[in-house]
Amino acid sequence: AIADLPGIDPAHVEVRVDNNILTVHGQTHYQVPGDQRYREYTLVSFFRQFELGERIDQEGIRADLRHGVLTLSLPKAAKAQARAITVNAA
């Protein structure tokens, strides 16, 4: 999963998993350029939740924020991965 978060500091992003719900939340603010006598700030806030299935290894979830792009790695659980089954002679 990928999310564009330009200008967001990783310290202002929270990623959590609780009861098969993955939550991505963050908030930051920045000053709008302009006259020094009057300062205006813009607040950027986001909140998303995703329901995870049994096939996701919740302990292996990783989040990386690079160049304004948040990448979430959601590995398959061991029991959900495909495997070859040996055919034995009877």
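Note: His67 NE2 to Leu5 CG = 14.0 Å, rounded to the nearest 0.5 Å. One finds the CD atom of Glu51 at 10.5 Å from the CG atom of Asn19 (value rounded to the nearest 0.5 Å). Taking CG of Asp57 as the start and OG of Ser73 as the end, the distance is 11.5 Å to the nearest 0.5 Å. Between the CG atom in Asn20 and the CG atom in Leu52 there is a gap of 6.0 Å [rounded to 0.5 Å].
Among residues two or more places apart in sequence or in another chain, the side-chain hydrogen bond (donor to acceptor under 3.5 Å, both in side chains) test is passed with Thr23 by Gln49. Applying the side-chain hydrogen bond (donor to acceptor under 3.5 Å, both in side chains) test to Asp64 and every residue at least two apart in sequence or in another chain returns Arg62. Partners of Gln27 under the side-chain hydrogen bond (donor to acceptor under 3.5 Å, both in side chains) rule, at least two apart in sequence or in another chain, do not exist in this structure. For Arg48, there are no salt bridge (charged side-chain N to carboxylate O under 4.0 Å, His left out) partners at least two apart in sequence or on another chain. For Ala63, the side chain to side chain contact (heavy atoms under 4.5 Å, CB included) criterion is met by Val15, Leu70, Leu72, not counting sequence neighbours. Not counting sequence neighbours, Arg66 has no partner by the salt bridge (charged side-chain N to carboxylate O under 4.0 Å, His left out) test.
Closest non-hydrogen pair, Asp9 versus Leu65, comes out as C-CD2, 4.2 Å.
In this pair, His25 and Phe46 present their aromatic rings tilted. The plane angle is within the 30 to 60° band.
Residues Ile21 and Val13 are members of separate hydrophobic clusters, defined by side-chain heavy-atom contacts under 4.5 angstrom among Ile, Leu, Val, Met, Phe, Trp and Tyr. Neither Val69 nor Ile8 shares a network with the other; the hydrophobic side chains, linked directly or stepwise wherever heavy atoms of I, L, V, M, F, W or Y lie under 4.5 Å apart, form separate groups for each.
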